2 protein chains.
Amino acid sequence: MKKKLSHASEDYLKAIYTLSADGFSASTNNLAAHLNIAPASVTGMLQRLASLSPPLVNYRKRHGATLTDTGEKAALKVIRRHRLLETYLHKSLGFSWDEVHAEACELEHAVSDRFEARIDEVLGHPTHDPHGDPIPNLGLVMPQEADIRLSTLRPPQKAIIQRVDAEDGKLLRYLEEKSLLPGTKLEIRAFSPIDGNLTIAVDGKKMVLGSAVTCHIFIEEI
Amino acid sequence: MKKKLSHASEDYLKAIYTLSADGFSASTNNLAAHLNIAPASVTGMLQRLASLSPPLVNYRKRHGATLTDTGEKAALKVIRRHRLLETYLHKSLGFSWDEVHAEACELEHAVSDRFEARIDEVLGHPTHDPHGDPIPNLGLVMPQEADIRLSTLRPPQKAIIQRVDAEDGKLLRYLEEKSLLPGTKLEIRAFSPIDGNLTIAVDGKKMVLGSAVTCHIFIEEI
DNA sequence: GTCTTTATTTAGGTAAGGCTAAATTAGTTT
DNA sequence: AAACTAATTTAGCCTTACCTAAATAAAGAC
């Protein structure tokens, strides 16, 4: 009978998961910035998460934290719920692309396993959320196959958008309006070495994108 | 920019709303029992809720609490969310009748206005939840038109079930199985003065119900 | 009118999860 | 090596929301 984790703990686990690449710990400062919390508070929480039994994080003083196996399982469960919820909110409730994140951030701490299973079923067991991020399942995450940034392409390459990594509502609304969404095919038409702008074509429509945009779009070359 | 109420406060408001009939306050002890919390803790919370600005409850030492206008508005908003969620979980996600309450109790504190509005729309602006309770709207609750208990009927009266007031999962599953749900028509066939059992017919099927069941079913005579 | 019961409140304590300010450590410079 | 800097931790404090045990008040019994 594992006790339910607190809202806050779950947020920390998510953050540690995303900020710690394989082998490398998430630093106190990075976590603090990511969670919008003072560094001192993060230290306190890491100590608490490490002192649980079983511990959820491996914490070494002044060396940041990684997740234990238990912690990673818990983190993936929260991330799964988050991404399933984003997908559900978008596809089944008509939330716009830029609204889903905030709502999912709240709901992910409240939904039951039953709820999770039901929306998974209703959605037909989706593998990716509306941003193109993989939805973990049974503790497994698909490897991020597409890690090429749109900004690195040059004419006349072609690509298909796999994933959009942005939080900012304005940017998301812009991208949605231009249908720069996962799945969209595009061709590079021109590159300006002066400002880094790319001119691309989507469905024949041309548009010029600055690097503030192209850095956030991950593509697969075709 | 009204600050979001805490999970706990919202639960207190709901409880005070349901435990205080018009004019009458909800007592510390009743609240404690209803919320599964020690009476002393309730006192503390009532004092806090009364000392907010604007206050959410009218609290008189040793006389329990009622809701202020602000408090009642907040309570109705939570109750609305709860009942809309129950309806949504039941109708759109296939949750069984006895599962919806627990899930809604968690979700009601997490969903946004946007979410509330969307499920309301998807459901076609329902007026009653799966238990037959009215869904408040814009701060208004429909009066409980049906307040006759099934246990008070005698043969050969006929009635239609309006509302079922039960929390117990076993009872709810039993009722669902026998389709004793809001909307169901029934006829009283016999009454046993010894044990208070009623024999009723639903769709021609006869069944015998003890008062543990019939007390929780509110009907409208036809 | 005093006694007893029951409801309620006060007092004091705990655990989470935040904060700021001050101390410490590690890493770079000079 | 001494000094500066950036990252981190400690110390001390706050709020919320719960707890238990002891004090008090109100209500009914005798």
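Treat the numbers as computed from the prediction; the structure is a model and nothing was measured. Order of the sequence lines fixes the chain letters, A, B, ..., with proteins taken first and strands second; residue numbering starts at 1 for each chain.
D:dA25 atom P lies 16 Å from atom CZ of B:Arg60, rounded to whole Å. One atom, CG of A:Leu46, and another, P of D:dT8, lie 10 Å apart when rounded to the nearest Å.
A salt bridge is defined here as a Lys NZ or Arg NE, NH1 or NH2 lying under 4.0 Å from an Asp or Glu carboxylate O, and B:Glu103 with A:Arg114 fails to meet this definition.
Under the side-chain contact (heavy atoms from CB on, under 4.5 Å) criterion, A:Lys61 pairs with A:Tyr59, not counting sequence neighbours. With sequence neighbours excluded, the residues forming a side-chain contact (heavy atoms from CB on, under 4.5 Å) with B:Lys77 are B:Arg81, B:Asp113, B:Glu116, listed by chain and number. With sequence neighbours excluded, the residues that form a side-chain contact (heavy atoms from CB on, under 4.5 Å) with A:Pro182 are A:Trp97, A:Val164. Take A:His109 and apply the ring-ring contact (aromatic ring centres under 6.0 Å, His included) test, not counting sequence neighbours, and it matches A:His7. Shown here are the ring-ring contact (aromatic ring centres under 6.0 Å, His included) partners of A:His216, two or more places apart in sequence or in another chain: there are none. Remark: A:Lys178 pairs with A:Tyr174, A:Leu180, A:Met207 by the side-chain contact (heavy atoms from CB on, under 4.5 Å) rule, at least two apart or across chains. Qualifying side-chain hydrogen bond (donor to acceptor under 3.5 Å, both in side chains) partners for A:His131, counting only residues two or more places apart in sequence or in other chains: A:Glu86. When the salt bridge (charged side-chain N to carboxylate O under 4.0 Å, His left out) test is applied to A:Glu176, no partner is found at least two apart in sequence or on another chain.
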Compile the donor-acceptor pairs under 3.5 Å between side chains in residues 24-37 of chain B and protein atoms, sequence neighbours left out, one pair per line.
from	atom 1	to	atom 2	distance (Å)
B:Ser25	OG	B:His63	O	3.3
B:Ser27	OG	B:Asn30	N	3.1

Close N/O contacts between protein and nucleotides 15-21 of chain D (under 3.5 Å):
from	atom 1	to	atom 2	distance (Å)
D:dA17	OP1	B:Ser6	OG	2.3
D:dA17	OP2	B:Arg48	NH1	3.1
D:dC18	OP2	B:Tyr12	OH	3.4
D:dC19	OP2	B:Ala38	N	2.9
D:dC19	OP2	B:Ser41	OG	2.6

Would you tabulate the nitrogen or oxygen pairs shorter than 3.5 Å linking the protein to nucleotides 26-29 of chain D?
none

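Taking the 5' to 3' direction, DNA chain C first and last meets chain B under 4.0 angstrom from a heavy atom at C:dA7 to C:dT10.
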